[in-house]
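All chains are named by letter (A, B, ...) in the order of the sequence lines, taking the proteins before the strands, and each is independently numbered beginning at 1.
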Amino acid sequence: MDSSKIFPFPLGSVDDSDFLLAQTLYRWAETELVSKRLEFREDYVKLLLPAMKKLFVDVELQKMTWPESCGGIGLNRREIAHTLVMALEQVGRADCGIGYLLAVTLTLCSSINFEYNRKEDLCQRIAPFFCQSDQPVIGSLVLPSYAMDNYPAVTTFFRGKALPAVARYDNDNLVINGQEMRPLNSGRDASFFGVLCSLEAEDGPVLILVPGDSPGLIRDEPFLKTGLAASNNADITLNDVIVPRENIIFSGEDCLSHMLSWFYLNISAVSMGSLFAVFEIIREWGDTRVIKGKGNLFKENPLTASVMAEIGHDIMLSRLLLYQLAAMFISPDSYSHIERENLYVPALSVVSHITQTAEKVMNQAMELMGSAGYATEWNLERYWRDLKTIQVHLGSWELNKMDLARYFYNSQKL
Amino acid sequence: MDSSKIFPFPLGSVDDSDFLLAQTLYRWAETELVSKRLEFREDYVKLLLPAMKKLFVDVELQKMTWPESCGGIGLNRREIAHTLVMALEQVGRADCGIGYLLAVTLTLCSSINFEYNRKEDLCQRIAPFFCQSDQPVIGSLVLPSYAMDNYPAVTTFFRGKALPAVARYDNDNLVINGQEMRPLNSGRDASFFGVLCSLEAEDGPVLILVPGDSPGLIRDEPFLKTGLAASNNADITLNDVIVPRENIIFSGEDCLSHMLSWFYLNISAVSMGSLFAVFEIIREWGDTRVIKGKGNLFKENPLTASVMAEIGHDIMLSRLLLYQLAAMFISPDSYSHIERENLYVPALSVVSHITQTAEKVMNQAMELMGSAGYATEWNLERYWRDLKTIQVHLGSWELNKMDLARYFYNSQKL
Amino acid sequence: MPSIDDFTRPKEYISPIDDYFGKIVRQWADKEVIPYRQRYDEDWQEHRLIEPAFDKLMGELGLQRVLFPEDLGGWGLGHSHYTASASFRLMEEVARADSGIAVAFGVTFWPLIMICNEPHLNRRLCEEFAPLFCNTNKAVFAANAMTEPQGGADIENMEIIKGSTIETTAVLDGDDWIINGHKLWPTNSGGVCSLFGVVCTTRPGSKDLNDFAFIFVPADRPGVTQGNSYQKAGMAADKNSDVWFDHVRVPKYYRACGPGDDYKYFKEVISFGNLGSIAFVCGAMMNVFEILQNFCNSNLYRGLPVKEHDAVAAVLADLVKDIEIIRIIGYQYARMLDRPELYGPRWSDEIVAKGRAYKYFACDRAVEDLGRVMNLMESGGSDRARDLEKHWRDIKIVQLWMGGKQLCQMETARWFFDCKTL
Amino acid sequence: MPSIDDFTRPKEYISPIDDYFGKIVRQWADKEVIPYRQRYDEDWQEHRLIEPAFDKLMGELGLQRVLFPEDLGGWGLGHSHYTASASFRLMEEVARADSGIAVAFGVTFWPLIMICNEPHLNRRLCEEFAPLFCNTNKAVFAANAMTEPQGGADIENMEIIKGSTIETTAVLDGDDWIINGHKLWPTNSGGVCSLFGVVCTTRPGSKDLNDFAFIFVPADRPGVTQGNSYQKAGMAADKNSDVWFDHVRVPKYYRACGPGDDYKYFKEVISFGNLGSIAFVCGAMMNVFEILQNFCNSNLYRGLPVKEHDAVAAVLADLVKDIEIIRIIGYQYARMLDRPELYGPRWSDEIVAKGRAYKYFACDRAVEDLGRVMNLMESGGSDRARDLEKHWRDIKIVQLWMGGKQLCQMETARWFFDCKTL
């Protein structure tokens, strides 16, 4: 049984088409991934790429948020938050890595194609790539990171971290430079990068869209990492990469916060999906495994049941928070003290909670399953690696909390 | 500033009268408690009783849920969940003990006077006590507890614990016996006890209303305890106490679960209020205290700010869950997979989360404040003691989780 | 059934006086304290119930004399090779009964460490103060006056502050120090203190470590005022108050060790403070174990003792696991203080930092564990008759004092990661 | 700047061979493993990269010989008074480089404990098997075949199960045992094992402890089949597989200690298993410390090394605090195994239960700490080039094996609270 049915959520603005989409994605997962896992494990070429092609192209998710006028499906309003969440839950349940790529791609696109963000020129130019391609079109982001102790003199800092690239105007174009930058995902095969730059005469950070085939964009060899096999990641370097001025997606801290809010919502949904998968694994274990000799089912032992109960409890509460957050995106006015500008704080808070809870839940599930917890065959360890990888890409909790302190206590110097 | 304004919640079915009531209670708190704390500390006679009289009688909270036809205010529908929550938040912020008494009293009354529970005879008989008294009328509950190793032979068990009392029919009356039972609160001065009994020919537990002045009801001396000074608690004994048959409030496990659901919602709101108080204390500390020498405000130090941020984060998420839960009570149909019968699971889950989070938050706030954390003068330690006392009265988390395991995994033998 | 004596201690570290005095103190605890402690909270101002227990322990049994040299009426523990391990056991046993008494008892030695311990034994001051403690059958208390109104435990954050925020001053006037200042919170203040060790500066604002001074001030000197006791969440036996020093005059030689050395050896005081804190936690937790054994045997769930429920047993396991570990760590730290030739000076940054780490570990675990077992006991957890909630309140206080968790973390990180600006 | 050698060890417990062999193993780690370990995960089936490191450590340096008596070519550690403390250091050093290698190395001694350790040294079997390990420069692996398909680590839950669920049988046929059964998961299976210690029963379903048998089975005997390696989250150097015993015939004297004693001394195997687990955690965490020191010095936030941010430093402090404590506990447990005259037999329920408690403590702390520091390193945390995520994966495996946390909790509670039904 689809475990997402066990955990209550408010029906609110969810409609039939959302349920239909979720069902479609559930079937996609069973056909393209679940049934092939044992044979192909995390094989990128044999398993993940074909599944992504189905998802991005055949199920048309990469067209979803582009305006109909540009060939998309036209789900480009804040009201689709619930749709996004329900879809990303299902994708995350099947494969966190694919869910993550989709989440980042949708985040990048939303900054271009959502009604209230809409950059008409960019939309017209970029939409066809997403809407007409018969291959997955992946977006990626390059965000600020710790500076290294040998950082170049031109580096600009944003809230203590280094902006990855420097842009300057050159007539109608922008010239961008950045060395060995690590994208959130897919450094090897992303079609578009949103690169956060410093730009002359601009105070805050500026997000610039850099097509993956831009001359001067160099992709390193892929590097080995903990999880997210679907993300074929590598560092990239921009050497005097030239893009039109119109490729500026936004500038300034508020816009960045707003984009990150959507990113956090999407990631929360993907993480939620991975929790459904974990719940299903541990439920099956509880139904079939014995403990302390024959006839004693795992789910009937008070200790193992208590840990399993805590897993259900944590997942249930996380889902309630996720949908509460989605509802804030849809209608900030119906929340006291929430405006569009400060969605960032609840979004950061919810995504941090859900990913931290997911880490705890997965750790507990693994404990219950002993060696089966770390055997590839049982899949659990994959969700654990994937989720942790997603979590670290959200940035360090210790430093993210500085943003929360600014909100709650009006701290000025952090 | 009222810190409850910092933490977003969905306006949903909250209306102006709810905000007005919250304001009234905020003023009540400032006048009756906050301004007198330093002088009277936790003095029951000088501080708490007068404040309770204002609250229960003058602000009319003890009339709130009785039908207008019985002299009450008529807020006796599930739709008042948000009203209750907003009111109990404010009372809990002022004094957890008073909030707790109010929560239990309203829980007991709701089982009698809510539209869908309404016991007409009981309503008519009992409402006048609440609606016409010029003194606080306190309700209390006696719930199952661990058996002692010398438990009497007549003891009946419910889900592994002993039912406190035994009732039998005697013509039109019930005769009740129970030895040294510990009520949730106010053993010394409650006007009504809801006592969970075993009753001949009934399978499940039966809740019977026992007036405090019943002959045969013996109140022990009050005992010393950690917190909740407003609850003047003592064990009670019922020796052949006789009440009319109509004093049966309900029988059966489902009704008990439903009553407990309201109890958990109410307690969640009281705990939430105590978190507002703690937030205000730590915010003031952060605004005024220095660390590492002059000029370095506490809220600007990255470490103390990070702990403070976590406090804000936890409170914000708890409040979102609280209002999500209230919304489920108001309209279970608008949640997937929720029916009236299984409100118990999310309610248990939310109250456990909020009270556990509150323990963590208060522990952290105390850590930040060092000696001021445990000095009575700063009030923080009182909330910490009170909240923990409330938490242990919800029953042990390890055993409560067995209920969750039954729901999530269909465990049969726990 | 295993008892508290089955918790592991490193057997080779145990002091020669351990067994004998451990037993005596346990008898004292069982007879003089445990039957009365439920009423201690109401006795926080008067100490009518509490005082007899103190007199018995410190005066009659004579434990207030242990640090002083034998020829001055003491037991010579200050120059033994088992000061720390012997103290650990004694403080553990006292804290098992009441950590408030344990603190008051332990803190009496706190200033005396500065003058009674090798290699910085100050014979003249030992002679000066030994009679006060050794020639009486009544409890006599000493106190360290450290914390000040502004900044609290910043005083203890010595590596970064270097005494520069101390506002209590000592000015030489001929052969006397004139002390002025306002201190908060000393354990054993609130009127009970007979001898203060005062942390002060000979040049306000200075970061020169030679200006950091530790000076003894008998509480009966003119100009010394102890305020009323603060009311607090627990530890009624430990009185705290404001203390004012208003032009208090003491002889020049009342300075403990002198310029530079006062600062240096004051860090040893911190080390012993952390050791004591661990011992208090450990002793309280051992009593928690006793309470729980009793509770879980006599309370039933589904017809069996509560301890037979697997999920409950897991919580019990977590508790005893932590007691085991805290006790081992405590004795290991005691050994590190007792064997400087193996582990380095007791006042070294390394030993101080490690003590901070162990202390906050012990407190964090204990606070979490007690919260959980209190919850397990349901309404029994908040009932004072069970004595569990008492330890829960007391242990929280141990966690919060001496700068609390954050200062411990900073000192730990600073030493291990060589941080410069923390 | 402090190094990993500045983490506390009880100095008086350190074995005479500690310093010399500790250094040798560290050199081996730095030269033979650390430069290559990032590619180990892809080498899980072939062991092309991993095998040379094993040969060097176990064969050439000869560490696979340590338990055997000297006259048989061993180093006599099995009858020394520092078996446990010496092993702890060695395993720590190996795990610093790669806990998979450490496990494979440590587990090779696991069955040998049954025959090499005093007071149950089995001279005949030592003579039988010593040549296999001592007369070669190649790594030779041994394994304990315990876990079975049904119920997993229930086998280890000995106090309650008493061997009654064991389905692997040993039947006497003249002077031979005939072994039949199916085992899962032995470390050092998957084809690398040369000598199995097989946990089996001489009477299926029996709770009579005399029927519990521990019998040696050379892997090249007819009827022994090792399956293909399982793929797992980490520890590529540790091969695990199914193992089938199909009418395998071994001499009667291959039974380790005999009826009753097999069960009794098998609990010593559990004690050493817990000791080893703590050592693996400890070694891995020391390397985590090295990685973090480097990371926090070279990565900047607000223009300063990350470690200078107070909130980050608190996480660093939590890590080093736990390393301190885990290491002290590990050495204390080693001492308890090395000094049965002080602490009781290594196979006693008390020592087994305490080992379980320390093991799950160490694992829980490490798992939490590594999760936090991985998060601190942001995307660097999941980058295999940093080596941090490797330890994160490996330590989780240590936490899960040998019955995982819940079994540890039950055994701990059972001993301390005298539970009857857990």
| query | Between B:Ala375, B:Ser371, B:Gly370, which shows the greatest number of heavy-atom pairs under 4.5 Å with chain C? | reply | B:Ser371
| query | Is B:Asn296 reaching over with its side chain to a backbone N or O of B:Asn301, donor-acceptor style, under 3.5 angstrom? | reply | no
| request: Over 60° means perpendicular and under 30° means parallel, so classify the ring planes of B:Trp384 and C:Trp392, tilted if in between. | output: parallel
| request: Could you have a look at C:Leu422, C:Leu184, C:Asn299 and say which one has the most heavy-atom pairs with chain B under 4.5 angstrom? | output: C:Asn299
| remark: In terms of heavy-atom pairs under 4.5 Å with chain B, the winner among C:Lys390, C:Lys396, C:His309 is C:Lys396
| message | Does any backbone or side-chain atom of B:Leu224 lie under 4.5 Å from a heavy atom of chain C? Answer side chain, backbone, both or neither. | response | both
| request: Give the member of C:Arg393, C:Met374, C:Gln409, C:Gln231 that has the highest number of heavy-atom pairs under 4.5 Å with chain B. | output: C:Gln231
| remark: Given C:Ala311, C:Ser379, C:Ser298, the one with more heavy-atom pairs under 4.5 angstrom with chain B than any other is C:Ser298
| Under 3.5 Å: donor-acceptor pair, side chain of B:Arg385, backbone of B:Leu380 | no
| request: Below 4.5 Å from any heavy atom of chain B, which atoms of C:Asp41 appear? Answer side chain, backbone, both or neither. | output: neither
| task | Check whether C:Gln399 gets within reach of chain B through its side chain, its backbone, both or neither, counting any heavy atom under 4.5 Å. | result | side chain
| Flag for B:Asn379-B:Arg382: side-chain donor and acceptor within less than 3.5 Å | yes
| Which region of B:Leu414, side chain (C-beta onward) or backbone (N, CA, C, O), has a non-hydrogen atom less than 4.5 Å from a non-hydrogen atom of chain C, or is it both or neither? | backbone
| note | Highest number of heavy-atom pairs under 4.5 Å with chain B among C:Cys363, C:Ser382, C:Gly380 belongs to C:Ser382
| query | Are C:Asn240 and C:Lys232 linked by a side-chain donor-acceptor pair shorter than 3.5 Å? | reply | yes
| For C:Glu411, which of C:Arg356, C:Lys405, C:Lys359 qualifies under salt bridge (charged side-chain N to carboxylate O under 4.0 Å, His left out)? | C:Arg356
| said: Can a side-chain donor-acceptor contact be found between C:Asn274 and C:Tyr360 if the only test is distance below 3.5 angstrom? | reply: no
| query | What part of B:Phe298 is in contact with chain C, defined as an atom under 4.5 angstrom from a non-hydrogen atom: side chain, backbone, both or neither? | reply | neither
| task | With a 4.5 angstrom heavy-atom cut-off, could you sort out which part of C:Gln38 is near chain B: side chain, backbone, both or neither? | result | backbone
| field | chain B contact via C:Tyr301 - side chain, backbone, both or neither, heavy atoms under 4.5 Å | value | both
| task | Output the distance between atom CG (C:Asp387) and atom CD (C:Glu389), rounded to the nearest 0.5 Å. | result | 8.0 Å
| said: Heavy-atom cut-off 4.5 Å, strictly under: side chain, backbone, both or neither for B:Phe223 against chain C? | reply: side chain
| task | Examine whether an atom of C:Phe295 lies under 4.5 Å from a heavy atom of chain B, and if so say whether it belongs to the side chain, the backbone or both; otherwise answer neither. | result | side chain
| field | Donor on one side chain, acceptor on other, C:Thr201 and C:Asp211, under 3.5 Å | value | no
| What part of B:Gln391 is in contact with chain C, defined as an atom under 4.5 angstrom from a non-hydrogen atom: side chain, backbone, both or neither? | both
| query | Side chain, backbone, both or neither: which part of B:Met402 has a non-hydrogen atom closer than 4.5 Å to chain C? | reply | side chain
| note | Under 4.5 Å to a heavy atom of chain B? For C:Arg39 that would be side chain
| Does the side chain of C:Trp44 pick up a donor-acceptor pair with the side chain of C:Ser229 at under 3.5 Å? | no
| said: Would you say C:Thr187 and C:Asp238 are linked by a side-chain donor-acceptor pair, where the criterion is simply a distance under 3.5 Å? | reply: yes
| query | Charged N to carboxylate O under 4.0 angstrom, B:Asp235 versus B:Arg182? | reply | yes
| message | Heavy-atom cut-off 4.5 Å, strictly under: side chain, backbone, both or neither for C:Met410 against chain B? | response | side chain
| note | From the list C:Gly381, C:Gly371, C:Gly303, the residue making the most non-hydrogen contacts under 4.5 Å with chain B is C:Gly371
